Colleague: 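Sharing a structure below in structure tokens format, with a few things to ask.
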2 protein chains.
Amino acid sequence: MPQNGKNHEYICSVETAINEIGGKWKSLVLCSLKDGKLRFSEINNKLPDISQRMLTKTLRELEKDHIISRKVYPEVPPKVEYSLTTKGESVLPILDSLCEWGKKYGEGEDYLED
Amino acid sequence: MPQNGKNHEYICSVETAINEIGGKWKSLVLCSLKDGKLRFSEINNKLPDISQRMLTKTLRELEKDHIISRKVYPEVPPKVEYSLTTKGESVLPILDSLCEWGKKYGEGEDYLED
DNA sequence: CAGAATCCCGATGGATACTG
DNA sequence: CAGTATCCATCGGGATTCTG
């Protein structure tokens, strides 16, 4: 209670959001799904730099938090499709903002103003 | 070139943004500065869970990317103030979005819909 | 195809002590 | 006060191999 309660609440909410959609890969996986459902290998094609292991792990975490859903087709060879849930779609505006920001303030330019 | 160029560009911009303001602490430090300049110890008070070492490191990275500025007052004992740059202020809307999202979809509720 | 399992290394990050 | 320095534990994450 030394500090402003509103401010603390603000920080906690941001922290919650970062925990669920932050990290190195989560947001990028969500980007890849923004135009519709994709199979495991299709996501991997869109994100060539992620390893299978990390992709699996990231997908599991997003699924656990109900941000994406996973549908398995009982076929041989296996087919699995991932898509955004309602909750997952609600982060798309945030991704848009990040994209805008990244485009504008990307590394490269030097800002001589401070 | 196997994939849609627009989509790839989108992903790259998001990645850039995540690199600069993502991670465990950066966004929270930015939150703490959203209402104005603060001293090192004041930031630490708002974020009791961050260690001195991590706070120092995080501040250095944000400074390097011109997101915050650091002003040293040549006094004894030392006084250092951190504040958002113009670039730093441009991320506040994103933090607001994250806060909104975190408040709405915070851990705790179970979503039985998928 | 969509993973699970194993091995392994470097980065992350906490605790503590010290300093201008 | 605002750090720096050191030690050390944990974790992220790559490469590779194996399987239903």
Side-chain angles (χ1 to χ4, degrees), chain A residues 2-3 11 14-15 18-33 36-65 67-84 114, chain B residues 2-3 11 14-15 18-33 36-65 67-84 114:
Chain A
Q3 59 180 284
I11 289 178
V14 171
E15 190 172 13
I18 291 292
N19 283 339
E20 294 207 11
I21 62 175
K24 190 175 177 184
W25 294 115
K26 281 182 179 176
S27 55
L28 300 185
V29 168
L30 295 178
C31 283
S32 74
L33 288 172
K37 55 178 65 170
L38 288 180
R39 303 178 61 166
F40 186 91
S41 53
E42 292 172 326
I43 300 175
N44 212 156
N45 287 339
K46 294 213 177 204
L47 307 172
D49 288 348
I50 192 173
S51 67
Q52 271 194 355
R53 207 176 81 96
M54 275 304 103
L55 179 52
T56 301
K57 199 182 158 228
T58 304
L59 289 168
R60 292 292 171 279
E61 286 172 13
L62 290 171
E63 191 192 355
K64 174 178 66 62
D65 289 334
I67 293 169
I68 62 173
S69 75
R70 176 173 184 265
K71 178 164 190 190
V72 182
Y73 294 83
E75 301 175 0
V76 178
K79 176 177 171 182
V80 179
E81 280 180 343
Y82 295 91
S83 58
L84 298 177
D114 255 8
Chain B
Q3 60 178 286
I11 289 177
V14 171
E15 189 173 12
I18 291 292
N19 283 339
E20 293 206 11
I21 62 176
K24 190 175 178 183
W25 295 114
K26 282 182 179 176
S27 56
L28 300 184
V29 168
L30 295 178
C31 284
S32 74
L33 289 172
K37 55 178 65 170
L38 289 180
R39 302 177 63 164
F40 186 89
S41 54
E42 293 173 325
I43 300 175
N44 213 155
N45 287 339
K46 295 213 175 204
L47 307 173
D49 289 346
I50 192 173
S51 66
Q52 270 194 356
R53 210 177 77 96
M54 275 304 103
L55 179 53
T56 301
K57 200 184 158 225
T58 304
L59 290 168
R60 293 291 172 279
E61 287 173 11
L62 290 171
E63 191 191 357
K64 175 178 64 63
D65 289 334
I67 292 170
I68 63 173
S69 74
R70 177 174 184 265
K71 177 162 190 190
V72 182
Y73 294 83
E75 302 174 357
V76 179
K79 177 177 172 183
V80 179
E81 279 179 345
Y82 294 91
S83 58
L84 298 178
D114 253 9

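Lettering follows sequence order; numbering is per chain, from 1. These numbers come from a predicted model, not from an experiment.
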Colleague: To the nearest 0.5 Å, what is the distance between NZ on B:Lys46 and CG on B:Leu55?
Modeller: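 One gets 13.5 Å once the value is rounded to the nearest 0.5 Å.
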
Colleague: What contact category does A:Tyr73 fall into here, base, sugar-phosphate, or nothing, at under 4.0 angstrom with non-hydrogen atoms?
Modeller: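 Nothing: the residue A:Tyr73, judged by heavy atoms under 4.0 Å, touches no strand.
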
Colleague: For A:Arg70, which residues count as a side-chain hydrogen bond (donor to acceptor under 3.5 Å, both in side chains) partner, sequence neighbours excluded?
Modeller: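 A:Arg70 satisfies side-chain hydrogen bond (donor to acceptor under 3.5 Å, both in side chains) with A:Tyr82 once adjacent residues are dropped.
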
Colleague: Go along nucleotides 14-20 of chain C 5' to 3' and tag each nucleotide: B for a protein heavy atom under 4.0 Å from its base, S when only backbone or sugar atoms are that close, - otherwise.
Modeller: BB----B

Colleague: Looking at C:dC1, C:dG3, D:dA2, which one has an atom nearest to any side-chain atom of B:Arg70?
Modeller: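 The listed nucleotide nearest to B:Arg70's side chain is D:dA2.
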
Colleague: Enumerate, atom names and distances included, each donor-acceptor pair closer than 3.5 Å involving a side-chain atom of residues 56-64 of chain B, sequence neighbours excluded.
Modeller:
unit_1: B:Thr56; atom_1: OG1; unit_2: B:Gln52; atom_2: O; d: 2.9
unit_1: B:Thr58; atom_1: OG1; unit_2: B:Met54; atom_2: O; d: 2.7

Colleague: A:Asn44 CG to D:dG14 C1': how many Å, rounded?
Modeller: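 Roughly 13 Å, once rounded to whole Å.
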
Colleague: Quantify the bending of the helix from C:dC1-D:dG20 to C:dG20-D:dC1 as the angle between its end axes, each fitted on five pairs, to 10°.
Modeller: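 It comes to 50° between the two terminal axes.
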
Colleague: With a 4.0 Å limit, can you tell me whether B:Thr56 has a side-chain N or O closer than that to the phosphate oxygens OP1/OP2 of D:dG3?
Modeller: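 The answer is no; no side-chain N or O of B:Thr56 sits under 4.0 Å from OP1 or OP2.
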
Colleague: Please tabulate, for side-chain N and O atoms in residues 74-81 of chain B, each donor-acceptor pair with protein atoms closer than 3.5 Å (sequence neighbours left out).
Modeller:
unit_1: B:Glu81; atom_1: OE1; unit_2: B:Tyr73; atom_2: OH; d: 2.9

Colleague: Could you grab the distance from atom CG of B:Leu28 to atom CG of B:Leu33, nearest 0.5 Å is fine?
Modeller: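 Rounded to the nearest 0.5 Å, the CG-CG separation comes out at 11.5 Å.
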
Colleague: Does B:Ser51 have any side-chain hydrogen bond (donor to acceptor under 3.5 Å, both in side chains) partners at least two apart in sequence or in another chain, and if so, which?
Modeller: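 Once residues adjacent in sequence are excluded, B:Ser51 has no partner under the side-chain hydrogen bond (donor to acceptor under 3.5 Å, both in side chains) criterion.
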
Colleague: To the nearest Å, how far apart are B:Leu59 CG and D:dC1 C1'?
Modeller: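 Between C1' of D:dC1 and CG of B:Leu59: 14 Å.
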
Colleague: Rounded to the nearest angstrom, tell me the gap between atom CG in B:Leu47 and atom C1' in C:dG13.
Modeller: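 The distance from CG of B:Leu47 to C1' of C:dG13 comes to 15 Å, rounded to the nearest Å.
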
Colleague: If I take atom CG in residue B:Leu55 and atom C1' in nucleotide C:dT12, what distance separates them, rounded to the nearest angstrom?
Modeller: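 Taking atom C1' of C:dT12 as the reference, CG of B:Leu55 is at 16 Å.
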
Colleague: Just how far is it from atom CD1 of B:Ile11 to atom SG of A:Cys31, taken to the nearest 0.5 Å?
Modeller: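 These two atoms lie 5.5 Å from each other.
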
Colleague: Could you give the CZ-to-P distance, from A:Phe40 to D:dT19, as a whole number of Å?
Modeller: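 Going from CZ in A:Phe40 over to P in D:dT19 covers 18 Å.
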
Colleague: Output the rounded distance in Å from CD1 (A:Ile43) to C1' (C:dC1).
Modeller: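 Whole-Å distance recorded here is 13 Å.
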
Colleague: Give, for atom NZ of B:Lys26 and atom CD1 of A:Ile18, the distance between the pair rounded to the nearest 0.5 Å.
Modeller: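 So the NZ of B:Lys26 and the CD1 of A:Ile18 are separated by 11.5 Å.
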
Colleague: CG/B:Leu84 to CG/B:Leu38 distance, rounded to the nearest 0.5 angstrom?
Modeller: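 If I round to the nearest 0.5 Å, the distance is 9.5 Å.
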
Colleague: Could you state the CZ-P distance from A:Arg39 to C:dA2, rounded to the nearest angstrom?
Modeller: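 Whole-Å distance recorded here is 4 Å.
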
Colleague: Once you round it to whole Å, what is the distance between C1' of D:dC11 and CD of A:Glu61?
Modeller: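 Nearest whole value for this atom pair: 12 Å.
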
Colleague: Establish, with yes or no, whether the OP1 or OP2 oxygen of D:dA2 is under 4.0 angstrom from a side-chain nitrogen or oxygen of B:Arg60.
Modeller: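 Indeed not, no polar side-chain atom of B:Arg60 lies that close.
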
Colleague: Nearest to the A:Lys57 side chain among D:dG12, C:dG3, D:dA2, which nucleotide is it?
Modeller: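 Among the listed nucleotides, the one closest to the side chain of A:Lys57 is D:dG12.
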
Colleague: Any side-chain N or O of A:Tyr82 below 4.0 angstrom from OP1/OP2 of C:dG3?
Modeller: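 Answer is yes, contact under 4.0 Å.
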
